[in-house]
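Every chain is numbered from 1 and lettered A, B, ... according to where its sequence line falls, protein lines coming before strand lines. Quick caveat: nothing in here was measured; it's all calculated off a predicted structure.
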2 protein chains.
Amino acid sequence: MLEARLNEAATLKRLLDAIKELVTDANFECNEEGLTLQAMDNSHVALVAVKLKASGFKRYRCDRPIPLGVNIASFTKVLKCAKDDDVCILKANDDADVLSLTYEARNTDRIAEYEMKLMDIDADTLNIPDTDYDARVTMPSSEFGRIVRDLSLLGESVRIEVSKEGVRFISDGEAANGNVLLRDTQASTRKGGSSSKQEDAEEEDEPEEEEEDEDKPTKKKIKKEKVKKEEGEGKGEEDVEMNGDGEEDDEQEFKPKGEDDEEDEEEESSSKKRKKAPAKNAKPSKKAKKDDDDELPEGVKVEMNAHVNLTFSLKYLVNFSKSSSLSNVVQLMMSNDVPLLVSYEFGQGHIRYYLAPKIGDD
Amino acid sequence: MLEARLNEAATLKRLLDAIKELVTDANFECNEEGLTLQAMDNSHVALVAVKLKASGFKRYRCDRPIPLGVNIASFTKVLKCAKDDDVCILKANDDADVLSLTYEARNTDRIAEYEMKLMDIDADTLNIPDTDYDARVTMPSSEFGRIVRDLSLLGESVRIEVSKEGVRFISDGEAANGNVLLRDTQASTRKGGSSSKQEDAEEEDEPEEEEEDEDKPTKKKIKKEKVKKEEGEGKGEEDVEMNGDGEEDDEQEFKPKGEDDEEDEEEESSSKKRKKAPAKNAKPSKKAKKDDDDELPEGVKVEMNAHVNLTFSLKYLVNFSKSSSLSNVVQLMMSNDVPLLVSYEFGQGHIRYYLAPKIGDD
DNA sequence: GCTCGGGACA
DNA sequence: TGTCCCGAGC
């Protein structure tokens, strides 16, 4: 049985708002670690992976794994009946065909109970590969949203280029072309140096690595810092295949580049990182500006060990950017010819999107 | 001739917004007491009764009764030409076929005059029965709106149950069921079971009556406190018949339960009330929280002398709830098998809706 | 605070 | 399908 008490229904509401246009039905998988959801979008171009960690709940109990097959539209409706600051309690029995939601107003004068029907959904548990990326861009989620919305006015797709000068978003449209360049705000402040592992620690000594990279292009550094994704662990029944747009069959399949190489060897440094990383973006909402350096409020961080040049459909990126309500910060992880990972980390978990690049440069 | 000067055009604008989807044409009846409008909705399921008291106008003069037959859509258009804080002057001659509206900006720099054509409308002056209700729920109008809008996402109708635990709104839908429970916020604070009396009493001196009720469940108490509706007085040419939904002919007809009984006997106590009651909810807009007890800002009051269990079409309730712009507080008056009365009192008058319950429990 | 876009309702 | 209302962005 599942029983989870979420302090603010708003988290769930925003999550569903973020995915409702991408996914129609999906399983929320509950286990002792929390809730996860993985689904391809309806046209199989994008993949969305959500995690709500058990620790993100005020109270969480799940005796054994339960798949909750929900219709996203229904779930969205039911969640709309919650006020943002309601306490939200989710309950389901092991064999449940309904999910029970209770919303308690802060003053407890109002208690609302809903029961949503569940459905059996073919558990295409997707195996999301753990990829090492050649470039990672960390920026305010609002800025990312702004850029893709702006560029989507001009054209259908955006080319994202990461070079030592920073990250550049380029759109060619009928009537106008545009490009937006973001420099690494820290690199400019601080020169020299080998930054890598400290990045969380302080964005303060990071500049160096970039320089190193320049000198000896190795993948080492970013690998060390890579964010590992474990959602698919142990379930990889089915590898994900993303058909970029339905028109282009030669778009990138969703396969890891170097699937397991160096995995273990990196484990230690990355695990160290991993511990800190969640904490980094752990304050999703209001703390915003002038927080610790960790969140690099307002800042842009560009990490790269190889130039990256990829083209994506703006429609999807605009859609992804709806998640900015969940986190002030977004990370874009890219390698040439593999799907882009757009990741929003927030206090209770994360939401990640994978989007296959367009191949034809169109 | 009619000449009425309203301090804020906003009142009229909101009133028309509140009814424009329910009614297409109706007579505004003007007499020395003020303006009233009564109309069935187009499908004869709901009835709306509006009153603008003469005393609510900055200046009011009406020599003799005049029916102003207006097309609601036209009236709405004309009123849209007024700014919310314009002074609005209505004028009509006794035999008028036009209604003249003048909007004066606060600074009198702008004066706009409109003349709207009137029409002859069959004066189906409706006889609204004066009913004693078994339950009365007083709550923030915004909350009422929220609840019916929420539940309308799930299903077509709502069952409203008033019991000693409070009032419960229950909806069964295809994809999900939901119910919202509101407790009497004063009952918990103040014990004595009968929360009621204090409500007004505090303000006036009526508390005792409610307690009595508790002890000996009689209908007296609410009767005493009942809000009387006199709009139909002296005109009852035609009794109203509401066909619940057009599908169900066996829905409640709009007939008073005990049509005239006790009318006079109640008159005195109710008239006392009546004088005070208007003052109670007389501050429609911003005073909100922390006003007198009268408005019970944010509070929910549930008064009952018999359990009530009724089902209504959410579509109509959602429509009624548009009147929340007119008052922060709404009252629901219910008895089993008789139409629900939804009442918004504001400084200048009131708007009341009557809705026949669904009988089949569907 | 105003304008634009998206969603819901008529 | 068009209009109105609500929310988000500028």
Side-chain angles (χ1 to χ4, degrees), chain A residues 9-10 13-24 71-85 140-154 178 180 285-286 288 314-328 330 344, chain B residues 10 13-25 41-46 48 71-81 83-85 141-158 171 173-175 245-246 286 313-326:
Chain A
K13 296 178 69 168
R14 296 198 191 112
L15 260 179
L16 270 110
D17 272 346
I19 65 175
K20 68 164 188 264
E21 281 174 26
L22 230 38
V23 182
T24 54
N71 172 275
I72 300 297
S74 302
F75 201 5
T76 304
K77 279 184 190 171
V78 173
L79 282 168
K80 281 205 174 138
C81 302
K83 294 184 73 174
D84 276 4
D85 58 349
S141 55
S142 58
E143 181 138 53
F144 176 64
R146 178 54 136 77
I147 289 169
V148 295
R149 262 182 281 111
D150 282 355
L151 295 184
S152 71
L153 297 176
L154 305 182
V180 178
S285 39
K286 298 303 161 191
L314 277 165
K315 183 177 104 188
Y316 287 95
L317 298 182
V318 168
N319 201 314
F320 300 167
S321 74
K322 288 184 182 167
S323 296
S324 1
S325 55
L326 286 158
S327 170
N328 291 327
V330 63
Y344 296 83
Chain B
K13 295 178 71 169
R14 296 198 191 111
L15 261 178
L16 271 110
D17 273 346
I19 65 175
K20 68 166 188 260
E21 281 172 29
L22 231 38
V23 182
T24 54
D25 301 298
D41 86 300
N42 301 326
S43 48
H44 273 229
V45 175
V48 57
N71 173 276
I72 300 297
S74 304
F75 201 4
T76 304
K77 281 185 191 168
V78 173
L79 282 168
K80 283 211 170 130
C81 303
K83 294 186 70 179
D84 276 3
D85 59 350
S141 55
S142 57
E143 180 135 54
F144 176 63
R146 182 75 203 288
I147 290 169
V148 295
R149 264 182 282 110
D150 281 356
L151 295 183
S152 72
L153 295 175
L154 306 182
E156 302 277 297
S157 47
V158 62
S171 168
E174 296 285 297
D245 242 341
K286 297 307 160 188
S313 158
L314 278 165
K315 185 176 104 188
Y316 287 94
L317 297 183
V318 168
N319 200 313
F320 300 166
S321 74
K322 289 187 181 163
S323 297
S324 358
S325 56
L326 287 159

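Between A:Lys80 atom NZ and D:dC6 atom C1' the separation is 11 Å, expressed in whole Å. To the nearest angstrom, P of D:dA8 lies 10 Å from NZ of A:Lys13. Atom-to-atom, NZ of B:Lys20 to C1' of D:dC4 comes out at 8 Å; the value is rounded to the nearest Å. The NZ-P distance, from A:Lys322 to D:dG7, rounds to 15 Å in whole Å. One can place CD of B:Glu156 at 16 Å from P of C:dA8, the figure rounded to the nearest angstrom. Regarding A:Lys315, its NZ atom lies at a distance of 13 Å from the P atom of C:dG6, rounded to whole Å. Rounding to whole angstrom units, CG of residue B:Asn319 and P of D:dC4 are separated by 15 Å. Going from atom CG of A:Leu326 over to atom P of D:dA8 covers 13 Å, rounded to whole Å.
When the nucleotides C:dA10, D:dC5, D:dC10 are ranked by their closest atom to the side chain of A:Arg149, D:dC10 comes out on top. Set against D:dC5, C:dA10, C:dG7, the side chain of B:Glu21 has C:dA10 as its closest nucleotide. Side-chain atoms of A:Arg146 lie closest to D:dC10 of the nucleotides D:dC10, D:dC5, C:dG7.
The local environment of NZ in A:Lys83 is sparse, with at most 12 non-hydrogen atoms from other residues, nucleotides or ligands closer than 6.0 Å.
A:Ser141 contributes a side-chain N or O that, together with a main-chain N or O of A:Ser327, makes up a donor-acceptor pair within less than 3.5 Å.
In the model, B:Tyr316 has a side-chain atom that pairs as donor or acceptor with a side-chain atom of B:Ser43 under 3.5 Å.
Using a 4.0 Å cut-off between charged side-chain N and carboxylate O, B:Arg146 and B:Asp150 make a salt bridge.
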